Amino acid sequence: MDFKKEAIKVLKKALPKQKDYFIEIPKDSKLGDVSSTIAFVLAKKKKKNPADIASEIVKKLKIEGTCFSGVTSAGPYINFYFDRDAISNKIINELLKNKLIKKEKPKRVLVEFFHPNTHKGVHIGHTRNAVIGEAISRILEEAGINVIRATYGGDIGPHVAKCLWGYMNLGLKPEGDKGEWLGAVYALASKKINNEFLKKQVEKINKRLYERDVSLMPIWERTREWSINHIKKVLKLLNIKMNAFLWESHVEKDGLKIARQLLKKGVLKESDGAIIADLTKHNLGILVVVSKEGLPLYPAKDLGLVKLEFNKFKVTKIIHVVGVEQQFYFKQLFKIFELAGWKEWAKNSIHVAYELVDLKSGKMSSRTGEVVLFTDLYEKMLDLAKIEMQKRNPEVSIKTREKIAHKITISAIKYGMLSQSLSKKILFDYRDWLSFEGDTGLYIQYSYVRARKILQKIKSPMRQKIIIERPVEYELIKKMNEFQSVFKEAYEKLDPSVIAHYAYRLAFLFNKFYEECPVIGSEYEGSRLKIIKAYLNVMGKVLHLLGLKPMKRI
RNA sequence: GGGCCCGUGGCGUAGUCUGGAUAGCGCGACUGGCUUCUAACCAGUAGGUCGGGGGUUCGAAUCCCUCCGGGCCCGCCA
């Protein structure tokens with residue numbers, strides 16, 4: 001139900017010639033459900049007092065037969081009021097049909113996200129990326145799009161060479177999760193490799209990797225597998241199901257070939273023995289594609305990747321969820337697509353940029369080991385959730401408690417990563433994250449569980465009509481009515497934080513409703529039951545879009 | 001030198017695209033509310049030059065200009 005359109009219909013009859021009716025939704029329902037500031041504009045033209053104009057307009061407005069029950073002028077503002085019961089019935093009935101979103105024509109889109117490298121740890125920066133990517137995937141799916149989830153990681157190159165150097169020379173023994181342990185080896189090796197002699201050794205290993213030196217392959221394959229297992233473990237904990245794992249080692253050869261072809265075609269050129277893209281004409285500087293050693297750099301690999309992604313997966317669009325620090329790089333890359341004559345690929349490659357997760361001490365660095373690993377955060381939060389569960393619900397079996405604690409933890413991590421705007425850095429602090437109070441994932445889940453519990457306990461049939469007894473009921477219904485426009489905004493911007501912010505406002509109003517409006521045994525039981533059902537529909541959808549599993553109990 | 005982003009109470013953050021009626025919210029502090037649908041909740045109090053200055057406008061946190069502070073990117077990492 002679009003409130004603004006309803007108000008425009010009424011205004012149009014009295015003022016047919018206007019292009020814009022300056023409609024807005026007042027923050028405070030006391031000031032109306034919809035309002036117009038058109039009097040300001042007309043006052044200026046006619047050189048009259050806006051308040052007088054507003055009251056003149058109001059006299060001309062006819063609301064009989066519309067969904068409005070009143071319209072008044074408050075100074076220069078024209079405020080429309082609904083018949084709360086009637087409009088609430090209309091909204092709730094719409095929401096109960098559960099067709100909340102209009103589906104688009106089916107299309108195939110590839111969302112590329114997460115991007116952990118092998119031979120390095122999976123840290124909370126990767127986690128933000130993964131959670132954003134998954135939420136974007138779900139938003140697209142909700143709109144009717146067929147989504148391919150893919151992750152693309154570096155399993156070859158200097159960082160792998162360093163790690164392998166450490167593995168072969170530092171005499172360390174694998175312990176615990178071997179993939180995670182490799183991350184530590186990488187950090188230690190980075191510290192040790194501090195002179196030209198050792199750097200040369202690492203360079204040699206790197207070269208042998210690209211040459212697929214048979215003496216190095218078993219060790220590379222084995223360690224790579226450890227990392228991939230760890231990466232899959234993290235994805236499982238986050239409940240993310242990837243359709244494709246793409247690795248640099250799969251695309252680097254083809255990428256190199258393409259780079260050489262583009263060199264021949266004159267799209268790329270040679271400089272100091274390297275192959276570069278000279279984009280200075282386009283104000284995009286210079287990008288080195290192949291090193292003077294003849295090794296494919298990141299851009300070359302991306303050339304191979306884009307071909308694989310568009311051709312193999314038959315998608316019309318690729319969304320790259322990658323940190324904002326690579327924004328300039330993606331502009332360069334997409335420009336190369338254009339210059340190479342791949343117009344469709346250039347047009348349909350999108351970079352969704354988000355800010356990084358930093359520590360209070362500064363940037364995270366796998367190289368120095370200055371990172372918060374995903375598993376560290378997860379385990380600390382899980383322990384806390386378990387302790388709280390034990391305090392609150394000691395009667396519940398340990399097994400059930402553990403399951404619930406896991407869900408609480410994942411909800412908190414995901415919501416925490418999503419509720420901040422994409423353009424804002426997350427300054428990670430354990431004190432903030434080790435709390436399940438206030439604006440957290442648990443708050444959202446808690447409101448949902450409360451709604452569910454009431455529903456379970458009610459046996460009486462649903463009353464046919466909504467009766468608004470308390471203002472909060474009306475506020476909650478209006479908030480639920482916003483879902484479609486909120487979804488549309490998130491979809492158009494490819495920004496899940498829009499949904500997360502909405503989730504909090506919605507849960508906030510529900511908790512208030514819960515506090516103020518007894519349901520079971522109340523004379524409004526039937527009406528409120530319907531509100532709760534609608535809430536479960538809307539919040540259920542919202543939780544899903546955020547990648548959260550709706551909880552049955554806490 | 002070129003480009004991008006951020007700056008809102010002690011801390012964190014929404015609102016900025018699309019200007020509108022007293023700038024929302026969380027944490028922290030203080031106060032009150034569980035024999036009542038689970039209080040990881042709710043209500044209330046204190047706390048704000050919306051980084052500074054100029055401009056546009058009937059009206060600016062929001063648009064434009066400028067300055068300040070912080071972060072990121074720009075030839076052989078990814």
Side-chain angles (χ1 to χ4, degrees), chain A residues 22 24 26-28 31-32 35-37 39-41 43-44 49-50 74-77 79 115 117 120 153-154 157-159 248 271-279 283-293 295 297-299 301-302 322-329 331-332 353 355-356 358 362-363 367 385 388-389 391-393 408 412 419-427 429 431-432 435-440 442-443 445-447 449-458 489 493 497 500-501 504-505 507-508 511-512 514-522 525 528 532 553-554:
Chain A
F22 300 91
E24 55 194 64
K27 283 175 225 157
D28 187 344
L31 301 170
S35 74
S36 166
T37 55
F40 285 116
V41 184
K44 215 196 147 192
N49 179 353
Y77 295 90
N79 297 334
H115 315 300
N117 289 335
K120 275 188 184 181
H159 76 277
E248 288 181 9
S271 167
D272 293 335
I275 300 176
I276 65 156
D278 185 349
L279 305 167
N283 225 358
L284 289 171
I286 283 165
L287 183 64
V288 181
V289 179
V290 178
S291 75
K292 61 183 164 204
E293 277 82 30
L295 297 181
L297 299 173
Y298 192 55
K301 296 170 185 170
D302 264 347
V322 177
V324 69
E325 79 281 6
Q326 289 188 41
Q327 203 176 46
F328 187 73
Y329 165 70
K331 278 186 192 160
Q332 292 177 315
E355 263 293 356
L356 302 184
D358 283 357
K363 229 181 155 173
R367 199 167 35 77
E388 287 296 312
M389 287 286 302
K391 269 194 240 164
R392 291 164 207 270
N393 304 337
I408 288 172
S419 61
Q420 188 118 255
S421 297
L422 297 184
S423 62
K424 264 191 174 154
K425 237 175 358 199
I426 291 179
L427 261 192
D429 188 300
R431 272 171 305 182
D432 301 335
S435 157
F436 298 111
E437 279 165 24
D439 187 5
T440 63
L442 182 57
Y443 183 88
Q445 291 278 19
Y446 191 56
S447 76
V449 168
R450 283 175 144 185
R452 208 168 197 167
K453 283 281 161 125
I454 296 174
L455 194 69
Q456 276 170 10
K457 290 186 182 172
I458 289 183
E489 188 189 341
K493 292 183 177 170
S497 72
H501 296 144
Y504 181 76
R505 299 310 310 164
F508 175 80
N511 277 336
K512 216 170 147 162
Y514 183 92
E515 198 76 19
E516 285 184 29
C517 305
V519 180
I520 297 166
S522 147
E525 184 176 290
R528 287 174 181 169
I532 287 170
R553 57 158 305 158
I554 284 173

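Nothing here was measured: the structure is a model prediction, and the numbers come from that model. Every chain is numbered from 1, with letters handed out A, B, ... down the list of sequences.
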NA contact type, [X], heavy-atom cut-off 4.0 Å: base, sugar-phosphate, or nothing?
X	value
A:V519	base
A:D278	nothing
A:L297	sugar-phosphate
A:Q445	nothing
A:P76	nothing
A:D432	nothing
A:D28	base
A:R505	sugar-phosphate
A:K425	sugar-phosphate

[X] side chain vs [Y] backbone, donor-acceptor pair below 3.5 Å:
X	Y	answer
A:S291	A:E293	yes
A:H159	A:N117	no
A:D272	A:A274	no

(request) Considering only NZ, NE, NH1 and NH2 on the basic side and carboxylate oxygens on the acidic side, decide whether A:E515 and A:K512 come within less than 4.0 Å. (result)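 Looking at A:K512 together with A:E515, the answer is no, because their closest N to O distance does not fall below 4.0 Å.
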Provide, to the nearest angstrom, the distance between the [atom1] atom belonging to [X] and the [atom2] atom belonging to [N].
X	N	atom1	atom2	result
A:L284	B:rC73	CG	C1'	12 Å
A:K391	B:rA39	NZ	P	17 Å
A:N283	B:rC4	CG	P	10 Å
A:K453	B:rC37	NZ	C1'	10 Å
A:E388	B:rC41	CD	P	11 Å
A:E355	B:rG71	CD	P	12 Å
A:L422	B:rC72	CG	C1'	16 Å
A:F508	B:rG24	CZ	C1'	9 Å

Counting only side-chain N and O atoms of [X], is one of them less than 4.0 Å from OP1 or OP2 of [N]?
X	N	result
A:R450	B:rA39	yes
A:K457	B:rU38	yes
A:K44	B:rC58	yes
A:Y298	B:rC76	no
A:Q420	B:rU13	yes
A:Y77	B:rA21	no
A:Y514	B:rA40	no
A:K27	B:rA21	yes
A:K363	B:rC72	no
A:S423	B:rC5	no

Which base sits across from [N] as a Watson-Crick or G-U pair, both distances under 3.5 Å?
N	result
B:rG1	B:rC74
B:rG24	B:rU13
B:rG7	B:rC68
B:rA61	none
B:rC30	B:rG44

Which listed nucleotide ([options]) is nearest to the side chain of [X]?
X	options	result
A:L31	B:rC37, B:rA40, B:rA21	B:rA21
A:N511	B:rC77, B:rC27, B:rC42	B:rC42
A:E437	B:rC41, B:rG15, B:rA78	B:rC41
A:R392	B:rA40, B:rC74, B:rG15	B:rA40
A:Y446	B:rC37, B:rC42, B:rU38	B:rU38
A:K512	B:rA40, B:rC73, B:rC42	B:rC42
A:Q326	B:rA78, B:rA40, B:rC73	B:rA78

(request) Determine whether the aromatic ring centres of A:F22 and A:F40 lie less than 6.0 Å apart. (result)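 Ring centres of A:F40 and A:F22 not closer than 6.0 Å.
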Gap in Å between the two [atom1] atoms, one belonging to [N] and one to [M], rounded:
N	M	atom1	result
B:rU36	B:rA40	P	14 Å
B:rG19	B:rG33	P	47 Å
B:rG44	B:rG24	P	13 Å
B:rU18	B:rC64	P	10 Å
B:rG69	B:rG51	P	16 Å

(message) Surrounding CG of A:N283 (heavy atoms of other residues, nucleotides or ligands, distance under 6.0 Å), is the total greater than 12?
(response)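 Check fails, neighbour count at 12 or below.
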(message) Against A:I276, only a single residue in A:L287, A:I286, A:V289 fulfils side chain to side chain contact (heavy atoms under 4.5 Å, CB included); can you say which?
(response)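 Going through A:L287, A:I286, A:V289 one by one, the side chain to side chain contact (heavy atoms under 4.5 Å, CB included) with A:I276 is satisfied by A:I286 alone.
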Side-chain donor or acceptor of [X] under 3.5 Å from a matching atom on the base of [N]?
X	N	answer
A:N393	B:rA40	no
A:S35	B:rA21	yes
A:K424	B:rC5	no
A:E515	B:rA39	no

(message) On RNA chain B, does the nearest nucleotide to A:E24 precede the nearest nucleotide to A:H159 from the 5' side, or the other way round? Give the residue.
(response)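 Residue closer to the 5' terminus by nearest nucleotide: A:E24.
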(message) With nearest nucleotide decided by heavy atoms, which residue, A:P518 or A:S271, maps closer to the 5′ end of RNA chain B?
(response)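 This one resolves to A:P518.
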For residues 449-457 of chain A, please give each side-chain donor-acceptor pair under 3.5 Å, one per line with the distance, not counting sequence neighbours.
{"unit_1": "A:R450", "atom_1": "NH1", "unit_2": "A:N511", "atom_2": "OD1", "d": "2.9"}
{"unit_1": "A:R452", "atom_1": "NH1", "unit_2": "A:M551", "atom_2": "O", "d": "3.0"}

(message) If I take atom OG from residue A:S435 and atom CG from residue A:D429, how far apart are they, to the nearest 0.5 angstrom?
(response)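 Here the rounded value is 11.5 Å.
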(message) With rounding to the nearest 0.5 angstrom, report the NZ to CG distance, A:K363 to A:L356.
(response)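 Rounded to the nearest 0.5 Å, the NZ-CG separation comes out at 5.5 Å.
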(message) Would you say the base of B:rG20 stacks on A:F40 (centre-to-centre below 5.5 Å, plane angle below 30°)?
(response)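 By the stated criterion, A:F40 and B:rG20 stack.
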